[in-house]
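Lettering follows sequence order; numbering is per chain, from 1.
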Number of protein chains: 2
Amino acid sequence: MSSRLKDVAARAGVSVRTVSNVVSGSAPVAEETRARVQAALDELGYRPNLAARNLRAGRTGVIGLAVPELHSPYFAELAGLLVEAARRRSWTVVIDQTFGEPDAERRLLADTGGRLVDGLIISPWSVSPEDLTARARDVPVVLLGERDPHGAADRVAVDNVLAADQATTHLIETGRRRIAALGLQPHLRNGTAQQRLTGYRDALARAGLTPDPALERTVTALHRRDGAEAMTALLASGARPDAVFAFTDELALGALHVAHEAGLSVPGDLAVVGFDDIEDGRYAHPPLTTVVPDKRQIAERALQCLADRVYSPAPGVPPLDVVVPHRLEIRGSTGPAVR
Amino acid sequence: MSSRLKDVAARAGVSVRTVSNVVSGSAPVAEETRARVQAALDELGYRPNLAARNLRAGRTGVIGLAVPELHSPYFAELAGLLVEAARRRSWTVVIDQTFGEPDAERRLLADTGGRLVDGLIISPWSVSPEDLTARARDVPVVLLGERDPHGAADRVAVDNVLAADQATTHLIETGRRRIAALGLQPHLRNGTAQQRLTGYRDALARAGLTPDPALERTVTALHRRDGAEAMTALLASGARPDAVFAFTDELALGALHVAHEAGLSVPGDLAVVGFDDIEDGRYAHPPLTTVVPDKRQIAERALQCLADRVYSPAPGVPPLDVVVPHRLEIRGSTGPAVR
DNA sequence: CTGAAAGCGCTAACAG
DNA sequence: CTGTTAGCGCTTTCAG
């Protein structure tokens, strides 16, 4: 079966202390002894028991990642990048899905007391950042996709207000005047949708366009089907939009689908902009103009925040607010208007 | 700081044993004592230390999931379902991405000796099942997406040959005669592509159609871009297909994209079938006909296999070969041919 | 440079 | 029903 340090020591005729030194390199070992120990190590196929090591060290080398749902392309991609970045630091990632349920999000934080994880990266939906961080008892937490200034934990996010403003401004520049905002989520507490709405309204105001409540559409979730439903309702309402700024690419793709079914030409009759830069958007018809957050950097910076908190016990350091760059990528879905 | 069993015991004026009993319920405790202990537990916000518990129990309650890449919609969705199913069993899932690299896949199995995980679910690409399972030293392994009969570990998969046959037969029934197979991967060792090719050829043979090597196209990876490249090459080759059976939905969507750009009407000029039923397929233009594997059941059965191996130490049980149901979902991309 | 031994927090066998 | 205690496998202090 599986061999312990003690077994290796017996086989090499040394003490466990020496074997431990060979394995960890924490103290010098005579060349001859080392060779003998190494041979025993190899023969027995020794693997350290992580549980014992963790118990001793008080650290696990595991971090938790909580996303609302993994089947969303955006979160899947982000999770992939985080796992990759963690691996580079020799960390393991356990993933949990909250489905945006307040209880799941709260329970998660309560559970961290179990020390399975050294830290937690969480992308909250239902629960407000304040509520979440108040519960993070013992481990450092990094919040994703937030820009709430009243922070009690590190945050990593793009500048949603600015990005939404740029996306809307781009639509205005292609000659659109009746631009719909698709993706309001007044029931959610994470603030992201609110920030994108603010950017949208800012852009309209700057261009001297009066916001029309009929063009601001609420969704319950952020999938293609929600985008499709909202778009159907928008068209049925008689609001006659000439452009749509969808708060996520998935919503935009749902809207695009409905526009096609309704016989609208894109971008001739209707321009569409999304947010997130998921891969499907690049292969849509036409390819989807979108706000591209630097996801790789989101992952990298989030992990950096965690590393700093976990390995540098400096309790005085105030919460960081990391703003990650983004850019607007213009593709076929926002060509000039045709009348 | 964080409190131990000993602290709670001191506060409640009992021994650690009693506190442990209250926490785990493994032995009866007098009602009065229990109340006192519970109060102490609550006041101190006690959380068991998982590392210590694991060291003691020899089990971690953590299972590993290794997928090639998380940003693939199919794997993302599957991972989500597995995490969900694991949660129902109070298991935690650590996720790793292999990117199909042989070294990553092998290292993963070598590492399992560290006992971070009680079991491993792996979806192999580069490494053959035999190679993989030979390395699984101490923990049970479940293979996903395989149907190799020479098994040394449990497997869970759909019947790829049958499914591919049905997809191809459906195309034949809509009047197609020059059906391309898109997605051969001779460099991979996992056998899935080979099985789908077999099913494709079976269907052609049954219909009395002669296979045309020019219609069988190889890809290096399974993303939209690979499907697009293969489709471009196919059209440029002058092979004049009237249908495409793509081995994954992502490939199919890439092919669809190229078909549109080339001015082909779908399904009039070209019918397209995919495999996997990823969400984007439902919102494509036209919606993509596809083979729908029962992913929820794949997740459920894989976990069941692991649970049986981990909790029922019956070394004699031979490897299971679980075949999960699938169906062909016919959508707009495979209407009747128009000439 | 190497050995002996304490102890991380928890569970369970063994008393009482 | 409850207290005492050994020990899971590892790291590390203290001696030698």
Requested in this report: Rounded to the nearest angstrom, tell me the gap between atom CG in N54(A) and atom C1' in dC8(C).
Outcome: 11 Å
Query - N21(B) CG to dA13(C) P, straight-line distance once rounded to whole Å - result: 12 Å
Report task. Name the closest nucleotide to the P48(B) side chain, picking from dC10(C), dC10(D), dG3(D). Result -> dC10(C)
Query raised in the report: Roughly how many Å is it from CG in L5(A) to C1' in dT2(C), rounded to a whole number?
Result: 14 Å
Requested in this report: Could you check how far CZ of R53(A) sits from P of dT12(D), rounded to whole Å?
Outcome: 10 Å
Query raised in the report: Does V14(A) or A52(A) map to a spot on DNA chain C nearer the 5' end, using the closest nucleotide for each?
Result: V14(A)
Query raised in the report: Does S20(A) use its side chain to pair, donor to acceptor, with the backbone of V16(A) at less than 3.5 Å?
Result: no
Query - Atom pair distance, as rounded to whole Å: CG in L55(A) and P in dC10(C) - result: 9 Å
Query raised in the report: Is R296(A) atom CZ crowded by more than 12 heavy atoms from other residues, nucleotides or ligands, each under 6.0 Å away?
Result: no
Query raised in the report: Between dG9(D), dT12(D), dC1(C), which one does the side chain of N49(A) approach most closely?
Result: dG9(D)
Query raised in the report: Of the nucleotides dC1(C), dC10(C), dT4(D), which has the atom closest to the S15(B) side chain?
Result: dT4(D)
Report task. Establish, with yes or no, whether the OP1 or OP2 oxygen of dT2(D) is under 4.0 angstrom from a side-chain nitrogen or oxygen of T18(B). Result -> no
Query - Shortest non-hydrogen contact from S123(A) toward P68(A) - result: O-CD, 3.6 Å
Identify each atom pair where a protein N or O and an N or O of nucleotides 14-16 of chain C are less than 3.5 Å apart, giving names and distance.
residue	atom	partner	partner atom	Å
dC14(C)	N4	R17(B)	NH1	3.3

Query - Residues from residues 29-38 of chain A lying under 4.0 Å of DNA chain C - heavy atoms - result: V29(A), A30(A), T33(A)
Query raised in the report: In whole Å, what is the span from the CZ atom of R4(B) to the P atom of dC8(C)?
Result: 7 Å
Query - Matching residue for R36(A) among V14(A), T18(A), V29(A) - test: side chain to side chain contact (heavy atoms under 4.5 Å, CB included) - result: V14(A)
Report task. Starting from P on dC8(D), measure out to CG on D7(A) and report it in whole angstrom. Result -> 11 Å
**Report entry** L50(B) CG to dG9(D) P, straight-line distance once rounded to whole Å
**Finding:** 18 Å
**Report entry** Closest non-hydrogen atom pair, V117(B) against V94(B)
**Finding:** CG1-CG2, 4.2 Å
